[in-house]
Amino acid sequence: MHFPGPFALIDANNFYVSCERVFRPALEGRPVIVLSNNDGCAIARSNEAKALGIKMGHPWFQVRQAWPDAGITALSANFALYGDMSSRLMGVAAGLGPEQEVYSIDETFIGLAGIPGDLARRSHAVRSRILQWTGLPTCVGIGPTKTLAKLANHIAKSAERKPGSYPAELAQVCNLAILPASELDAIMAATEVSEVWGIGPRIAGQLRMLNVRTVRDAASLDPATVRRRWSVTLERTIRELQGQPCIGLEQQPSAKQQIACTRSFGQPVDSLEPMVQAVSEFAARAGEKLRAQGGRTGQMLVFAHTSPFQPGKSYSKSITLALRRPSSNTLDLVATAARGMRAIFKPGIQFMKAGVMLLDLAPEGQEQEELPLDNEGEASERLMSVLDAINDRYGQGAIRVASAGTQVKKREWEMRQQLRTPRYTTRWDELPVART
DNA sequence: TCTGGGGTCCTAGGACCC
DNA sequence: TCTGGGGTCCTAGGACCC
C-alpha cells in the first residue's frame, strides 16, 4: 500500500451544473438542475437549487409541480460533455503534486509528499488555474489521510456556501494538517458523523444510538471495538480520522471486475423484438468498455423488470449465461444477450428496464486457448479494433449491430432526453458559435 | 404521464475436502 | 453426557461510494 501523504482532494462544485454553465454563462446565479437518464430525477443541483430545497434524486415531475414559478432550468445529462470537461480538469489538477488518483468524474486525490512550502497557498493557485483554464469552480481539502482530506474538502465547501458554518479562511481551501489541535477538535465537534467518507446513513444511525454524533465522537472510538462490532472497513475509517493512513493512493485504475450496461426505457415495452434490440445495444456498449480495458468475459447476466413505481403486478427475471469460450467480440456478446432475453421474456408484461452485466472477467491471454482450426480469432480481433476505431472517430453508434435497431426500425425503448445541451467539445457539428 | 446508472468491498453461511 | 479440527470456495446480502 502506498501512502504518499499528506493528501489533497480536489472536487468540483456542483460539477454537471458547472459544466453546463461554462457554455451558458446566463445560468450563473440561477437555480439549475441536471437530470438523470430518461430525464428522471435531479442528480446535480446549483447552490440556488439546493437553497430552494431540491434534494438529490428528487423526481423532476415533482420538482416541476412543487416550484412552478421558481425559474428552474432543468437539463438532460450530457455525459459526453462532462467526460471531456473531466479530463481537462484532471489534467490541470495534476499540477498540485507528484502523484494523482482520479477518484471519480469530478474528484481527484493528489499525493503531496515532498512538496515544500505553504500547501494552502499552492492549492489556491492551482484552484485559480483550474477556474481560468477550464471554467470549473473547485474546492481543495488537505489532510494527513484520505479520509481527513475528504473531510477538509467538505469543510472548504461548506465554509464557502454557508458563511458562518466554519471559519471563513477555510473557504475554498482547507488544510487540516496544519491546524492547531484545539481548532481541529472544535471543527470535528461541529461536524456531523454522517459527513465522513465511508459512513453512510445506516451506520450513522447505529452510531447515533450509541451517542456518537460528531466526527470528534467517532474519532475517539476504539478501533478494535469498531472492528468487532462492525467491520474492518469501518475500523480503517476510524483510524484515518485519528490520523493514521490506512487507505492508499491508487495511481493506476485497476481493471474492473464486472461491467454493466443497464437502462430504464423511455416508455413501457411489452414485445420481444424491442427487448432484444435493447439488450443487443447494451451488450455492444459493454463490449466496448471490456475491450477498452483489454479483457474478456466468460459469463453474462441478462435481466429485465417492470417499473417498481407502478402499481399492479410486478415481474423481474434474470439469467446467467456462459459464453462458449471467453470473448470480447461484440457479435458473440450480442448473440448471447439476445439468447438470454428470449429466455426471460414473458408476453403481457410492461417492461420498464433491462440490462446486461459482464461477469467473470479476465485479461486477454489468460484463458485457455482452443486449437486454432482457422484464423477466426485473429480476424475477430481485427474486426473489433476497426469497429472501435471508426466509432471513436465518427461518434458512438456510427457502426452498430443491426439487431440493436436502426433508424428505419424504430427504437421504442430508447430513453428520453429532451433537454440536452450540445456536445460542445466533442462533436464538430455542435461546436459553440461565437459569431455568425 | 413522469422516479438513474455503475461500481467496490466485506461478512456470513453453506458445501465440500482431508 | 457425549458429537474434531481445519481449510477453501462460492454465493447472497448488506453497506458504501459517486
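Since the structure is predicted, the reported quantities are computational estimates derived from the model, not experimental observations. Each chain gets a letter, A, B and so on, in the order its sequence line appears, and its residues count up from 1.
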Just checking [X]: base, sugar-phosphate only, or nothing, at a heavy-atom cut-off of under 4.0 Å?
X         : value
Asp106(A) : sugar-phosphate
Val34(A)  : nothing
Asn37(A)  : sugar-phosphate
Leu35(A)  : nothing
Pro201(A) : sugar-phosphate
Glu107(A) : sugar-phosphate

- Query: Atom CD of Gln418(A) to atom P of dC2(B): distance rounded to whole Å?
  - Reply: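 Result: 13 Å.
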
Any idea which of [options] is nearest the [X] side chain?
X         : options                   : value
Ile203(A) : dC10(B), dC18(C), dC16(C) : dC16(C)
Arg202(A) : dC16(C), dT11(B), dC2(B)  : dC16(C)
Ser104(A) : dG4(B), dG5(B), dC18(C)   : dC18(C)
Thr233(A) : dG6(B), dT3(B), dC10(B)   : dC10(B)
Phe309(A) : dG4(B), dC10(B), dG6(B)   : dG4(B)
Ser264(A) : dG5(B), dC16(C), dT3(B)   : dG5(B)
Trp197(A) : dG4(B), dC18(C), dG6(B)   : dC18(C)
Met352(A) : dG4(B), dT3(B), dC18(C)   : dT3(B)
Lys256(A) : dC10(B), dT8(B), dC18(C)  : dT8(B)

- Report the base-pairing partner of dC9(C) (Watson-Crick or G-U wobble, both distances below 3.5 angstrom), or none.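 Looking at the geometry, dC9(C) pairs with dG14(B).
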
- Hey, does the side-chain of Arg64(A) have a donor or acceptor N/O within less than 3.5 Å of a partner on the base of dC2(B)?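 Flag set: donor-acceptor pair detected.
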
Is any side-chain nitrogen or oxygen of [X] closer than 4.0 Å to OP1 or OP2 of [N]?
X         : N       : value
Lys289(A) : dG7(B)  : yes
Ser231(A) : dA15(C) : no
Lys150(A) : dC18(C) : yes
Lys353(A) : dT3(B)  : no
Ser307(A) : dT3(B)  : no
Arg236(A) : dC9(B)  : no
Gln310(A) : dC2(B)  : yes

- Task: Specify whether His154(A) and Tyr166(A) have parallel, tilted or perpendicular ring planes, treating 30° as the upper limit for parallel and 60° as the lower limit for perpendicular.
- Result: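 Because their plane-to-plane angle is over 60°, the rings of His154(A) and Tyr166(A) count as perpendicular.
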
- Hey, what's the ring geometry for His305(A) with Phe303(A), parallel, tilted or perpendicular (30° and 60° as the breaks)?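 Geometry flag for Phe303(A) against His305(A): parallel rings.
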
- Item | Thr426(A) vs Leu81(A) side-chain heavy atoms within contact, under 4.5 Å |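 Contact flag for Thr426(A)/Leu81(A) side chains = no.
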
- Task: Could you pick out which residue, Ala260(A) or Ile43(A), lies toward the 5' side of DNA chain B when each is mapped onto its nearest nucleotide?
- Result: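 So the residue in question is Ile43(A).
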
- Message: Check this for me, if you would: do Arg30(A) and Glu48(A) make a salt bridge, where the nitrogen-to-carboxylate-oxygen distance has to be below 4.0 angstrom?
- Response: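 Glu48(A) and Arg30(A): not salt-bridged.
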
- With a 6.0 Å cut-off on ring centres, are Phe23(A) and Tyr424(A) close enough?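 Distance test on ring centres: under 6.0 Å, yes.
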
- Task: Verify salt bridge (Lys or Arg N to Asp or Glu O under 4.0 Å) between Glu107(A) and Lys150(A), making sure each step is shown before the conclusion.
- Result: CA-CA 10 Å; Glu107(A) 284 174 73; Lys150(A) 270 278 211 184; 2.6 Å; yes

